[in-house]
Amino acid sequence: EEQVLIIREKLAELYESEQQWSKAAQMLSGIDLDSGVRILDDMYKLSKCVQIARLYLEDDDAVNAEAFINKASFLVSNSQQEVLNLQYKVCYARILDLKRKFLEAALRYYDISQIEKRQIGDEEIDEDALEQALSAAVTCTILAAAGPQRSRVLATLYKDERCSKLKIYPILQKVNLERILRKPEIDAFAEELKPHQKALLPDNSTVLDRAMIEHNLLSASKLYTNISFEELGTLLGIPPQKAEKIAARMIYEDRMRGSIDQVEAVIHFEDDTEELQQWDQQIAGLCQALNDILDSMTSKGM
Amino acid sequence: SFLRQVSSLLRRLPAMESEKFQDDFLMEYNDTLLVAYLAM
Amino acid sequence: DADAIYYYDEAVLAKFQQEKPWTQDPNYFRRVKISALALLKMVVHARSGGTIEVMGLMQGKTDGDTIIVMDAFALPVEGTETRVNAQADAYEYMVEYAQTNKQAGRLENVVGWYHSHPGYGCWLSGIDVSTQMLNQQFQEPFLAVVIDPTRTVSAGKVEIGAFRTYPQGYKPPDEPVSEYQTIPLNKIEDFGVHCKQYYALDITYFKSALDSHLLDLLWNKYWVNTLSSSPLLGNRDYVAGQISDLAEKLEQAENQLAHTRLGSFLLPSQRKKEPEESQLAKITRDSSKITVEQVHGLMSQVIKDILFNSVHH
């Protein structure tokens, strides 16, 4: 087995140098890590599992990579090797991302982006890598299904002042403040997405489309008391029937408060904020607007 | 632009104008008077 | 020189720590100065706890008979009045925080602890007295601060008290005079038993030049908060609790009055007039306080209605 292991590692190295990632991964996954003949120490097993997972991920092959990351997750808890732990974390986040578990992936990306050390083992942790992890966290959060959990992660990211320097910040701001996103902004955001994030869903729309429509629908529910599906469809850029179907699902999943009058084809949004509290909010907005006008008049010397 | 801002500001008045608001407001008004009466 | 107070003179304070003047006089410390920053942090933290008591520590120094609180930080502890030694949950956190502070060049030591009494006033309960006594044995100089976030909202000013306990068994020469405050019926016993074991210190506040600048900026927007908030909304539960407490106290006073009337046929000279009057006087005072706060709240609602709802196109 010893000789086989050496040959496999050598071949894997060659495949890797030719960037044939999956072949290299297959070559390594042929090594029998659990054989009773030789006692392999846990760290060696862990490093192999993580290496194979990374190779599969180079080809965006989440299924095979996940098999090895699951094996690694039993070994990583008592691993002291920080480089390996970091690689494991990155693999795990990317697998969640590829499997469209966007919210969990976002939390792991964010955790990675907060690494304080700049030197782990012989690996240099540069700011770009951390910025990429942060940006990936924002992207995944935006793609996640709208709801209270996503809002919490959005708020955390929005408060993190590193995000204000990201190219993606304007979108993050609008999504966090529950403002409606226009088509040009969505298209610009789509440019940054990875292939799997643009993949088509069974109903022939992309993950991004769904996330954006749901987001805009939630934003509209903050703006309007009620709206006809005709108007809503126009606002969201989709047919009225589809708008009604998505709204119905979100109400059913308790991610939006409201009721649908199918005879009139109108949706009535509900806001569980008490009338008197809404009144206070309206007054705060009015005073703020008055204050802004006075400030800008003062600055113009009027 | 100031005039536009001012006119949009005025358009936001009255701040609240719903049946339910009136009910809630008067309800709270009466409750508070009742509390004052009770305390007296 | 307004910011001179922020300078930490290690030598002077080390000398003071050695002399330990507070061991000669149980009432040695009489005054507390709290920074605007520490006050804001403690009030915000107390309010975040809602109806659950929260606690934290205060950092600062001493200057003669004055304890100066420069900063405060929350402890990962809730429910200080429901457990004998809630602080124990946070020992590890406190040690680590203190060390990190030193590394970061913050020289101020912990000079006390604060916790909240949501809705039932600023005083020390039995648990608080024993915690403070323990702290005054091993961590002098140490101060106890209590904040009532609920009354802060309804009164429109920070309800806060600063206390120090007397040594075990010490009898204060005269009754410690403390400002009148409503103690709920279900807490009166706890309050009564221990209220002679500690005394209140005078509290003043200070702020730095930067604080003044920032608070002035905030003040420009303060009027928006005043117009767009309503104490009636935020404190309904508290007001309801206060009125039911009043009703219970009235009933109790009435029963006692009945007893005394019965008793007075036997020993007219023994008729103890003061307690009922002072009891009834307290209840009257509490009820007028509630009324005033309610009417204030209603006045602001009516003014807002006239200002913002009566304009029609």
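Chain A is the first sequence line, chain B the second, and so forth, proteins listed ahead of strands; every chain is numbered from 1.
A:L286 pairs by the side-chain contact (heavy atoms from CB on, under 4.5 Å) definition with B:L9, B:R12, B:L13, B:A15, C:F308, not counting sequence neighbours.
Contacts of C:L227 with chain A are made by both backbone and side-chain atoms, with heavy-atom separations under 4.5 Å.
More than 12 heavy atoms of other residues, nucleotides or ligands shown are found within 6.0 angstrom of OH on C:Y91.
If you tally non-hydrogen atom pairs under 4.5 Å between each of A:G285, A:A284, A:C287 and chain C, the highest count goes to A:C287.
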Taking 3.5 Å as the threshold, show me the donor-acceptor pairs across chain C and chain A, one per line with distances to 0.1 Å.
unit_1: C:R236; atom_1: NH1; unit_2: A:E274; atom_2: OE2; d: 3.2
unit_1: C:R236; atom_1: NH2; unit_2: A:E274; atom_2: OE2; d: 3.3
unit_1: C:K304; atom_1: NZ; unit_2: A:D280; atom_2: OD1; d: 2.6
unit_1: C:N309; atom_1: OD1; unit_2: A:W279; atom_2: NE1; d: 3.3

